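Just so it is clear: chains get the letters A, B, ... in the order the sequence lines come, proteins before strands, and each one is counted from 1. Computation of the quantities below employed the complete heavy-atom set of this structure, encompassing side-chain atoms and omitting hydrogens, waters and symmetry-equivalent molecules. In this text the structure is predicted, and so the values were computed from the model without any measurement.
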Amino acid sequence: MVLSFLNCTSSQTRHRPLTHSSLSSIHSTGRPLISSAACILPEDKEQKGGGDIAVRTVFFFLPLPTMASAQAMPISVWEKLTEAPEDAILGVTVAYNKDPNPVKLNLGVGAYRTDEGKPLVLEVVRQAEARLVADRSRYKEYLPIVGLAAFNKLSKELAFGADHPAVVANRITTVQGLSGTGSLRVGAEFMGQHYHTPIIYVPVPTWGNHNKIFPKAGLKVQSYRYYDPATRGLNFTGMMEDLKAAPDGAIILLHVCAHNPTGVDPLPEQWDAIRQLIRAKGQFPFFDSAYQGFASGDLDADAYALRSFAADGGELALAQSYAKNMGLYGERVGALSMVCATAAAAKLVEGQLKLVIRPMYSSPPLHGAAIVATVLSEEKLLHDWKAELKGMADRIIEMRHKLYDALLQRGTPGDWTHILKQIGMFTFTGLTKPQVDFMREKYHVYMTGDGRISMAGLSTATVPHLVNAIDDAVRNIA
Amino acid sequence: MTDRLRATSSSGIGCKGKERVAAIAGHICPIAGGPGDREGDRGGGGGGGEVSRFDEVSLLAAMASEEVHCAPISAWAKLAQAPEDPILGVTVAYNRDPNPVKLNLGVGAYRTDEGKPYVLHVVRRAEAALVGDRSRNKEYLPIVGLAAFNKLSRALAFGADHPAVLSNRIATVQCLSGTGSLRVGAEFMAQHYHTPVIYVPVPTWGNHNKVFPKAGLKLLTYRYYDPATRGLNFAGMIDDLQAAPDGAVILLHACAHNPTGVDPLPEQWDAIRQVIRAKRQLPFFDSAYQGFASGDLDVDAYSLRSFAADGGEMALAQSFAKNMGLYGERVGALSMVCATPEAARLVEGQLKLVIRPMYSSPPLHGAAIVATVLGDEKLFQEWKVELKGMADRIIDMREKLYQALVARGTPGNWTHILKQIGMFTFTGLNKTQVDFMREKYHVYMTGDGRISMAGLSTSTVPRLANAIDDAVRNVA
């Protein structure tokens with residue numbers, strides 16, 4: 001293999017063999033690398049001040065009989081990759097979409113549907129969006145790493161209350177995140193790096209993606225008992241035992257309200273006991289709030305657990321999502337709040353959070369946060385939003401009643417009162433995997449394998465079909 | 001009980017935590033009984049269960065009435081003060097500056113000749129159409145993003161008729177602009193690539209040096225910029241690529257190298273490609289300026305397309321921040337060009353496993369805008385015109401700045417201002433001179449002497465020329 005430089009002027013050329021040994025190496029397969037010549041042309045323009053000569057190095061290729069260019073590699077470096085499993089939750093919609101049957105029902109992912117079975121974009125969102133887009137004084141400049149300031153402030157106030165002592169004391173640092181998932185990931189990655197006990201305890205069961213996010217972020221995942229299948233309620237004793245047995249200082253994941261997937265929430269008194277125990281053990285609560293306003297229909301009532309923890313002087317983290325309560329799913333709007341013991345600590349935390357965000361995606365997306373900030377900052381829009389939110393929550397409760405009544409009327413075996421007692425978007429039916437599969441295959445009813453159905457995906461018209469499916473499954477499938 | 005219930009800081013320092021836990025446990029467990037004792041709870045149902053034991057209720061009530069007083073010691077008290085980002089920090093400092101004639105040449109965001117941010121007309125039109133369409137909803141995108149966006153982005157980068165595109169060998173996933181695409185690609189490689197080492201040019205965009213280690217790739221460098229010529233150190237680059245291990249990942253700026261503005265010539269790209277293919281290294285392209293370098297989208301994609309056409313594999317992080325002015329909407333795409341369609345399919349599945357635990361799925365709005373513009377012939381043509389307009393204005397600023405320095409007789413050779421390509425000029429000013437220009441003239445740039453030509457205007461050129469002139473003459 002020869003690489004030589006030609007020093008060219010307009011009238012002469014000169015070969016100069018290149019001595020760099022690295023360029024003379026032959027690839028391990030024995031194929032020669034390249035063959036080329038370089039022509040160094042003096043710059044046309046005059047150089048000022050005896051400065052640098054700008055050169056152009058032009059390479060020509062001498063034809064090589066054996067290899068003129070790199071041969072196509074028929075073997076991929078990726079060919080040994082394993083087939084990735086479909087996401088357990090999102091895969092339900094993938095399967096649903098593939099199903100050609102005209103009478104199919106998607107009760108998989110927690111996305112709200114109207115009683116006509118259609119996705120809903122809130123009126124306040126449409127209004128806010130229209131206004132933002134029509135405003136030609138608005139730009140699309142980068143947000144700061146921490147996101148839209150107005151959004152952060154309003155999100156903090158929505159979660160904790162504008163007059164909350166922790167808010168007033170400036171002890172909370174809030175950064176815009178990519179909905180709930182992104183906020184969890186940024187918070188967890190920060191803790192994986194900086195917290196003294198990088199272990200997180202999650203309830204059994206919990207949202208499936210929790211078990212993926214935390215290990216990626218560098219946290220070891222352990223669990224605490226939560227759901228009691230026998231009662232379809234909270235295993236409060238088991239939960240307290242497991243929190244007690246967990247190490248001092250461990251991180252504890254808590255669902256603020258409308259626990260996903262079970263719909264089982266602690267009572268206020270139970271929350272108080274949980275809080276006392278966590279504080280006594282110096283454990284660090286990490287709240288996941290995806291359903292504020294959806295549980296009871298009241299934003300403040302739904303925030304009880306969060307606000308009581310934030311009021312006792314202890315620290316906590318909060319991942320807050322607007323996907324469901326403002327219907328902004330695909331715009332990926334959320335916030336991570338770190339409630340700290342002091343304002344100074346909050347400031348330090350903010351700086352370090354930026355070091356997590358910048359190498360992940362630099363700064364968050366503008367559009368959804370601007371919509372939220374618009375809605376939350378205007379009295380009329382805020383008021384209208386709460387009404388729309390309550391409307392969604394009420395429709396879900398209505399579906400609970402319709403489903404329960406229909407099962408009762410059918411005489412379907414079993415106790416179905418949990419449908420009424422569970423809180424939020426989902427019902428943890430208690431159906432087994434074979435029953436779930438049966439309902440999908442025979443009735444084209446889609447839900448996650450744990451028997452969780454999204455009430456938001458039900459409508460008056462589809463309740464009968466679901467009841468037929470449940471009844472058949474319960475009577476005939478183990 | 002009151003004393004024993006008095007709690008500690010959440011960091012657990014100096015606490016009576018164990019005592020307190022014993023107190024709580026002692027009260028709860030005997031009452032609740034062992035795991036088998038669920039008599040009272042049966043039929044409690046959902047909604048948190050009914051607390052059916054009188055003793056437990058009274059205990060809980062008693063506990064609830066106790067204020068948990070935590071000492072104000074934070075788990076975060078010992079955190080280090082984080083340094084400001086070197087690039088974004090320039091704008092932070094600029095914003096704080098009260099001086100009325102300040103000039104921000106820091107971050108690479110386009111400004112009009114009036115010094116204003118610019119939202120492209122095609123973007124405003126696309127956005128208005130999208131938002132006015134009440135049949136549109138805000139449902140979650142798939143993990144891989146908006147399908148139309150992915151297809152059009154791939155076609156924009158590689159050309160719709162590119163053999164790799166036609167043979168379905170490219171997996172494209174929507175990501176959060178360039179940074180997000182780099183991070184997802186790098187995290188995938190760190191997990192699945194046989195040689196998780198990436199070589200970056202010296203210098204490179206500052207955030208590369210943060211993204212890759214976070215993703216799990218070991219970071220090394222290859223020579224690139226030659227300060228003596230203010231051009232490409234081609235021999236050094238080839239040497240270093242040769243010396244790098246076979247199979248290493250090689251980061252390449254597709255065009256308009258950031259921060260230097262120095263790009264290889266096509267013939268040099270061909271040589272670089274030959275070396276990389278011979279050493280079976282994996283090229284990872286960062287394309288943030290397609291259309292901004294020459295004003296022509298296809299010309300600017302030469303390097304990218306030649307690599308994708310030789311049968312070898314590669315990755316591409318593609319950003320629409322600059323060329324479609326969508327900065328804050330975070331729109332980009334990661335494309336993995338694979339040897340076979342089957343490999344591309346496997347790669348896509350694994351990319352989803354990287355994205356889902358990071359942010360589940362990407363944001364809708366910006367991708368819908370891009371898909372609208374690229375998918376409509378008229379909008380697409382108008383976009384190209386606007387893009388060329390931006391590129392031309394930058395070239396005009398290069399001319400004006402150069403002429404202004406020549407007119408002042410500022411010492412030194414300033415032709416690199418004309419030769420460098422893209423949004424930035426690597427001035428060659430040193431840190432001391434940069435600081436001087438900030439303090440005396442309120443001119444802001446990154447510490448490496450990089451200025452954003454997009455931030456210059458006809459009216460601000462004289463001020464910048466004065467500042468450079470003063471710095472060069474009077475500050476070492």
Side-chain angles (χ1 to χ4, degrees), chain A residues 22 27 33-34 51-52 57 59 70 72 76 78-79 81 84 119 129 133 139-143 178 181-182 212-213 216 231-234 237 248 264-267 269 272-273 276 279-280 282 312-315 329-330 332 340-341 345 348-349 351-352 355 359 361-362 365-367 418 421-422, chain B residues 7 10 12 17 20-21 32 41 44-49 60 63-64 68 70 72 74 76 79 82 117 127 131 137-141 176 179-180 210-211 214 229 234 239 242-243 267 271 274 277-278 310-311 327-330 338-340 343 346-347 349-350 353 357 359-360 363-365 413:
Chain A
S22 56
H27 187 265
L33 291 163
I34 51 175
D52 311 314
T57 306
F59 279 70
S76 171
W78 311 118
E79 65 166 13
L81 282 181
E129 199 177 43
V133 162
Y139 301 118
K140 294 204 174 292
E141 294 300 285
Y142 290 121
L143 285 176
L178 288 136
T181 307
K212 309 266 166 62
I213 295 167
K216 282 274 180 178
T231 61
R232 293 199 178 115
L234 177 64
T237 308
D248 284 6
V264 167
D265 288 346
L267 293 169
E269 311 85 270
D272 293 337
Q276 299 280 355
R279 292 313 192 194
D312 70 7
E315 303 188 303
Y329 309 94
R332 317 311 291 127
C340 304
L348 288 176
V349 167
Q352 290 292 340
L355 298 189
Y361 49 85
S362 280
L366 168 60
H367 190 65
H418 55 287
K421 289 206 208 88
Q422 285 165 8
Chain B
S10 56
R20 179 150 196 275
V21 167
D41 265 350
L60 291 172
M63 289 173 68
V68 178
C70 299
S74 173
W76 315 117
L79 279 184
E127 202 176 40
V131 163
N137 58 51
K138 293 201 175 293
E139 293 300 286
Y140 289 121
L141 285 176
L176 283 118
T179 306
K210 309 265 168 61
V211 171
K214 280 275 180 176
T229 60
F234 180 69
D239 273 2
Q242 279 288 356
E267 310 82 273
Q274 298 282 357
R277 291 316 190 191
D310 70 8
Y327 308 95
E329 301 292 1
R330 319 310 291 126
C338 306
T340 61
L346 288 174
V347 166
Q350 291 292 340
L353 298 190
Y359 51 84
S360 278
L364 169 57
H365 191 65
N413 177 0

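The distance from atom OH of A:Tyr329 to atom CD of B:Glu139, rounded to the nearest 0.5 Å, is 6.0 Å. Distance check, rounded to the nearest 0.5 Å: NZ of B:Lys138 to CD of A:Glu129 gives 3.5 Å.
Nearest approach of B:Pro117 to A:Glu141, heavy atoms of both residues: CB-OE2, 3.5 Å. The shortest heavy-atom contact between A:Trp78 and B:Leu346 is O-CD1, 4.1 Å. The minimum heavy-atom distance linking A:Gln352 with B:Leu79 is given by the pair CG-CD1, 3.9 Å. What you find for B:Asn137 and A:Pro119 is that their closest heavy atoms are ND2-CG, 3.6 Å. B:Ser360 approaches A:Thr181 most closely through the heavy-atom pair OG-OG1, 2.7 Å. For the pair B:Lys214 and A:Leu355, the tightest heavy-atom approach, listed with the atom from each and the gap, is CE-O, 3.9 Å.
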* For B:Ser74 and A:Glu315, what are the C-alpha separation, side-chain angles and deciding distance, and is it a side chain to side chain donor-acceptor pair (under 3.5 Å)? -> CA-CA 7 Å; B:Ser74 173; A:Glu315 303 188 303; 2.5 Å; yes
* Kindly indicate, with the supporting measurements, whether the criterion side-chain contact (heavy atoms from CB on, under 4.5 Å) is fulfilled by B:Arg330 and A:Arg332. => CA-CA 11 Å; B:Arg330 319 310 291 126; A:Arg332 317 311 291 127; over 6 Å; no
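In this structure the side chain of A:Lys140 reaches within 4.5 angstrom of the side chain of B:Glu127, judged on heavy atoms.
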